[in-house]
Amino acid sequence: MAQDTFSKEETLAMRRRLIGHSCRLFYSDDPVKIIRARGQYLYDEHGKRYLDCISNVQHVGHCHPSITEVAAAQMDLLNINTRFLHDNMVQYADRLAASLPDKLCIFYFVNSGSEANDLALRLAQQYTQHQDVIVLDHAYHGHLMSLIDISPYKFRKLSGQKEWVHVAPLPDTYRGLYREDHPNPGDAYADTVKDLIDEVHSKGRKISAFFAESLPSVGGQIIMPQGYSTKVAEYVHSAGGVFVADEVQTGFGRVGTHFWAFQLQGEGFCPDIVTMGKPMGNGHPLACVATTVEIAGAFTANGVEYFNTFGGNPVSCAIGLAVLDVIEKEDLRRNATKVGAHLKQLLTQLQTRHDIIGHVRGIGLFVGLELVTDRRTRAPATKTAAEVVKRLKEQDRICVSTDGPWENVVKFKPPMCFSIQDADLVVRCIDQNELKYCSKPLNSTKHLTLTLQIITKRSMCNINQVYFYQFSQDTRGMSFQ
């Protein structure tokens with residue numbers, strides 16, 4: 001076992017010397033050195049315990065003994081590539097198939113969510129023989145070049161939008177085009193996708209796929225309005241495309257009531273391709289693409305073998321099977337439902353005491369706390385959100401982080417063993433130790449300046465008319481000087 005042989009300062013100095021600086025740390029001003037973990041807890045080099053509200057990858061808990069035992073036993077017995085026949089791969093595929101709609105019955109195993117999404121893109125383009133893709137604003141689907149191209153969160157900071165990529169408004173009913181007072185936001189947002197398809201067709205182009213997270217995470221822990229995905233799938237299928245559901249962040253029971261987040265849209269909705277990753281291996285690199293017989297057949301028909309050296313190896317699949325076993329045996333979906341509802345209720349109660357809390361949203365253990373400087377204008381409290389994250393770490397040893405276009409949404413995606421007591425502690429600390437230190441709401445001029453600075457920083461101003469609309473909505477009723 002690797003030993004902790006360096007001080008925190010030495011480790012940090014070596015990291016800065018040896019590791020690319022684009023590989024960033026949590027709490028970069030004063031990073032935490034973690035040397036062991038168990039369940040929902042992290043321990044630093046001094047033995048101090050931190051509550052982990054971040055690590056959705058360690059889905060059933062850090063270093064779960066059932067999983068580490070299975071991994072060690074299979075590694076001691078055999079690990080080999082998938083050109084040899086082995087039970088683990090087919091058993092795992094069979095277990096996954098039982099959790100999905102019947103038509104999603106063909107599986108490709110890979111090593112990461114990025115690999116899964118890249119393969120899903122290839123499958124869609126091969127099947128449809130079209131190139132163009134529709135994605136949601138602020139989306140992130142992975143770090144490969146193909147995925148940066150379809151991730152507005154990334155490409156706006158780099159070379160910009162490719163002509164074959166088309167960006168639909170994020171269906172955010174708190175801050176977006178159609179809000180909580182709209183009679184049918186699901187259909188209204190879906191119609192923006194239809195309009196985009198019509199625009200693409202007017203240019204003589206064709207859609208291969210609509211590609212979206214089932215619950216947008218980087219976009220700010222967004223809960224899709226009911227009916228949205230069903231209607232979008234109807235429009236995309238009519239245009240000859242397929243619907244890809246990215247479950248890398250949200251799959252495997254995180255939403256509690258369902259095993260997959262796309263199932264929240266109702267029994268009538270089924271994607272054509274589903275990608276999965278982060279939680280599959282509880283920290284072991286394991287990911288997958290599930291699709292239909294027809295789409296897989298078209299991929300086979302191109303005559304090029306698909307081979308992945310490590311994808312679906314016996315050790316990975318043994319770990320994947322063990323994760324499914326733990327989810328079932330420990331009833332973690334039920335825990336996500338119960339604890340997530342409790343956390344959301346406590347945060348909603350907190351909202352009545354702190355004006356800076358603009359919105360509480362989520363389902364299961366996928367929860368967002370959106371901070372604003374003004375509830376009426378909904379201006380993002382970016383600086384305060386960062387301060388809350390910092391103080392929770394320094395004062396309370398609780399690890400959280402932020403997401404959303406303005407980094408003002410404090411997100412909660414903890415391991416699924418997160419408890420009622422953990423939720424009580426987090427909310428009590430936010431209430432007593434963090435929000436009371438928040439600065440007073442900014443006046444309108446400062447508010448406008450902050451929003452302009454953030455939008456300019458993210459290079460949004462000249463990208464898409466949606467931003468101008470959202471900006472005007474976020475600053476309604478403000479005086480301009």
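Surrounding NZ of Lys411 are more than 12 heavy atoms belonging to other residues, nucleotides or ligands, all under 6.0 Å away. In the displayed structure, Tyr174 atom OH is contacted under 6.0 Å by more than 12 heavy atoms of other residues, nucleotides or ligands. Counting non-hydrogen atoms of neighbouring residues, nucleotides and ligands closer than 6.0 angstrom, the NZ atom of Lys103 exceeds 12 such neighbours. Heavy atoms from other residues, nucleotides or ligands lying under 6.0 Å from CZ of Phe26 number 12 at most. Environment of CG in Asp102: sparse, with no more than 12 heavy atoms of neighbouring residues, nucleotides or ligands closer than 6.0 Å.
Looking only at side-chain heavy atoms (C-beta outward), His86 and Cys317 stay at 4.5 Å or farther from each other. Side-chain atoms of Arg254 and Pro414, non-hydrogen and from C-beta on, do get closer than 4.5 Å to each other. The shortest distance between side-chain heavy atoms of Phe262 and Leu264 does not fall below 4.5 Å. For the pair Val323 and His284, the minimum side-chain heavy-atom distance is 4.5 Å or more. Between His59 and Met280 there is no side-chain heavy-atom pair separated by less than 4.5 Å. By the 4.5 Å heavy-atom criterion applied to side chains, Glu370 and Arg175 are counted as neighbours. Counting heavy atoms from C-beta outward, His182 and Thr173 have side chains that stay 4.5 Å or more apart. In this structure, the side chains of Val193 and Tyr228 come closer than 4.5 Å at one or more pairs of heavy atoms.
Note that CG of Leu25 and CZ of Arg15 are 3.5 Å apart. Values are rounded to the nearest 0.5 Å. To the nearest 0.5 angstrom, Leu158 atom CG is 6.0 Å from Ile148 atom CD1. Atom CG in Leu286 sits 8.0 Å away from atom CG in Asn111 (nearest 0.5 Å). Considering CG of Asp355 and CG of Leu371, their distance stands at 12.0 Å, rounded to 0.5 Å. The NZ atom of Lys413 sits 6.0 Å away from atom CG of Asp403, with the distance rounded to the nearest 0.5 Å. Atom CH2 of Trp164 and atom CD1 of Ile207 lie 11.0 Å apart (nearest 0.5 Å).
What you find for Ser229 and Gln265 is that their closest heavy atoms are N-OE1, 3.0 Å. Nearest heavy atom pair, residue Val110 against residue Cys288, reads CG2-N, 3.9 Å. Between Cys399 and Leu42, the closest heavy-atom pair is SG-CD1, 4.4 Å. Minimum heavy-atom separation, Asp52 to Pro415: O-CD, 3.4 Å. Between Asn117 and Thr275, the shortest heavy-atom distance links the atoms OD1-OG1, 2.7 Å. Heavy-atom minimum distance, Arg333 versus Gly256: NE-O, 3.1 Å.
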Which is it for Asp118 and Arg122 under the salt bridge (Lys or Arg N to Asp or Glu O under 4.0 Å) test, yes or no, and what are the steps along the way?
CA-CA 6 Å; Asp118 177 75; Arg122 287 179 61 188; 5.1 Å; no
Audit row: Gln131, Arg205, side chain to side chain contact (heavy atoms under 4.5 Å, CB included) steps and yes/no
CA-CA 8 Å; Gln131 182 185 22; Arg205 306 184 70 91; 3.7 Å; yes
Quick one, Lys393 with Asp30, criterion salt bridge (Lys or Arg N to Asp or Glu O under 4.0 Å). Give me CA distance, side-chain angles, the key distance, then yes/no.
CA-CA 10 Å; Lys393 173 254 189 180; Asp30 183 25; 3.1 Å; yes
When you look at Arg378 and Glu180, which way does the salt bridge (Lys or Arg N to Asp or Glu O under 4.0 Å) test go after all the steps?
CA-CA 13 Å; Arg378 306 186 183 188; Glu180 65 275 4; 2.5 Å; yes
Decide ring pair (Phe, Tyr, Trp, His ring centres under 6.0 Å) for Phe418 and Phe412; before the verdict, give the C-alpha distance in whole Å, the side-chain angles of both, and the deciding distance to 0.1 Å.
CA-CA 10 Å; Phe418 203 74; Phe412 300 90; 7.8 Å; no
Where do Ile363 and Ile223 land on the side chain to side chain contact (heavy atoms under 4.5 Å, CB included) test, with the steps shown first?
CA-CA 8 Å; Ile363 183 167; Ile223 306 301; 4.0 Å; yes
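Looking only at distances, a side-chain donor or acceptor of Ser151 sits under 3.5 Å from a matching main-chain atom of His141. Side-chain atoms of Asp149 never come within 3.5 Å of backbone atoms of Ser146 as a donor-acceptor pair (strictly under, hydrogens ignored). Distance alone, capped at 3.5 Å, places no donor-acceptor pair between the Glu213 side chain and the Asp246 backbone. Panel note: side chain Thr382, backbone Trp406; a donor-acceptor pair is recorded below 3.5 Å. Checked by atom type and distance alone, the side chain of Lys231 never pairs as donor or acceptor with a backbone atom of Gly186 at under 3.5 Å. Judged purely by atom type and a 3.5 angstrom limit, Ser316 has no side-chain atom pairing as donor or acceptor with the backbone of Gly312. When atom types are taken as modelled, the side chain of Asp272 and the backbone of Val242 share no donor-acceptor pair closer than 3.5 angstrom. In terms of modelled atom types and a separation under 3.5 Å, the side chain of Arg24 and the main chain of His21 share no donor-acceptor contact. A donor-acceptor pair is defined here as one N or O able to donate and one able to accept, closer than 3.5 Å; no such pair exists between the side chain of Gln249 and the backbone of Leu215. Checked by atom type and distance alone, the side chain of Tyr189 pairs as donor or acceptor with a backbone atom of Leu177 at under 3.5 Å.
Checked by atom type, the side-chain pair Glu387/Thr384 shows no donor-acceptor distance below 3.5 Å. Inspection of the Ser214 and Glu247 side chains reveals an N or O donor paired with an N or O acceptor under 3.5 Å. In the model, Tyr235 has a side-chain atom that pairs as donor or acceptor with a side-chain atom of Asp191 under 3.5 Å. Side chains of Trp260 and Ser99: a donor on one and an acceptor on the other come within 3.5 Å.
Partner Phe210 forms a side chain to side chain contact (heavy atoms under 4.5 Å, CB included) with one of Ile197, Val244, Leu136 and no other, that one being Leu136.
Ring geometry for Phe107 versus Phe109: interplanar angle under 30°, hence parallel rather than tilted (30 to 60°).
With Phe307 as the aromatic partner, Arg83 meets the cation-pi criteria of under 6.0 angstrom to the ring centre and within 45 degrees of the ring axis.
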